[in-house]
There are 2 protein chains.
Amino acid sequence: MREIFEAELQQLGDGLVDMSRLVESAIGRAGTALLEADHQLAQDVIASDHEIDRLERELDERCVHLLAQQAPVATDLRIVITALRISATLERMGDLARHVAEVARGRYPGQAVAPAARDTFVRMHDAAVHVAGRTTELLQTRDVHLAAEVEKDDDALDALHQETFAAMLAPGWTGTPQETIDVTLLGRYYERFGDHAVSVARRITFLVTGDFDSEHAPSHRAEV
Amino acid sequence: MREIFEAELQQLGDGLVDMSRLVESAIGRAGTALLEADHQLAQDVIASDHEIDRLERELDERCVHLLAQQAPVATDLRIVITALRISATLERMGDLARHVAEVARGRYPGQAVAPAARDTFVRMHDAAVHVAGRTTELLQTRDVHLAAEVEKDDDALDALHQETFAAMLAPGWTGTPQETIDVTLLGRYYERFGDHAVSVARRITFLVTGDFDSEHAPSHRAEV
């Protein structure tokens, strides 16, 4: 019985890694589509989001099945509940990547990002790809040191998010209303992407260390 | 055993109603704070968000306890899992109300909403208060006819959200970059608030009818 349960837990973990890999790919391609005004790439990201949604549903069903069949308690139960929550978070990260791609597609053949904010978004793209990669690695290795890296990447994303506001509020800002709207929304999508990665990192830390407080640590960030 | 379980399920339901009432109060006060530039009211909404967070944690712990003690299966298990998900959604709705209040507070003593968008936000406020009230009622009564009302309110919010973009992109838009940023973010907060209400409504419908598809029905809305 225990062996079956362990094997099923392992499968849950593998499922989360698979989801995270797809999210990593989606945010990377979405950022490239955005910065290079690549319509086809944007389209691909949008079209492939349903695959992340499908994995989430599969994983959730597996969790419910596991709860019903094995009636886990204590730590085992918390692992399954945490897997449910992480899958929901990864699914939202996929949605955010899709939103970035949707903005890119909506402005094609133009550039969504105003020239004065471009450099900031180049760095947001890098930070987001990095944080997504770290998240996958953390899910794979459960090395809680990586959680600190994820928090650092998220701090970088938050600082870049503030930079977008500073750019738009500077006297020299010549963006059109459409550009101001796009920079505002894109900045928010990237910022939320980082927040969600931190949420995953904290949940993994909680599973590994059993430190429940770390999961519920108040965030200095807006949580939507 | 069954009676204890039923009583505990009832408690879970009551907990969700309590959360939803707080969310309803928060979005109502946040909108008033926004439209009347009421600093104290904004402050109150922001300060009281932790109460919603506390209820969420309590409710989640009760769910985990229930799973561990009673090992429910089939429908009972799905009810508990759904309660977990609804509490997470209500918590995010509370965050969104707080974000509206934060924008109001940030612009005080000024008005965050540009004059050209004010009428739209008056109606968004009304629709959001309405959808929040319906959500509480739905959680209380499990009358699935109310779910259709929630979807309708959300459609209204989506249409108003589009109106904010139309206003900002009209040739006559004279908003400052700060106003464009605020209208963009506020519009997004209200739109997301409606999406989350729909998510709650679908989950309740799923519990009452057992129609799993309704819970996972693809939304025409952006899900972040």
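Every chain is numbered from 1, with letters handed out A, B, ... down the list of sequences.
- Interface remark: L77(B) contributes side-chain atoms only to the contact with chain A (heavy atom separation under 4.5 Å).
- Considering only heavy atoms from C-beta on, R85(A) stays 4.5 Å or farther from R85(B) through its side chain.
- The shortest distance between side-chain heavy atoms of I181(B) and T180(A) falls below 4.5 Å.
- When heavy atoms are compared at a cutoff of 4.5 Å, I81(B) approaches chain A solely by way of its side chain, counted from C-beta outward.
- Contact count against chain B (heavy-atom pairs under 4.5 Å) is highest for V64(A) among D53(A), V64(A), D76(A).
- Chain B forms more heavy-atom pairs under 4.5 Å with one residue of V183(A), V73(A), L169(A) than with any other, namely L169(A).
- A salt bridge links R78(B) and E61(A); the closest N-O separation between the charged side-chain nitrogens and carboxylate oxygens is under 4.0 Å.
- Taking OH of Y189(A) as the reference point, atom CZ of R188(B) lies at 4.0 Å (rounded to 0.5 Å).
- Annotation: maximal heavy-atom pairing with chain A below 4.5 Å, among A74(B), G94(B), P177(B), G187(B), occurs at P177(B).
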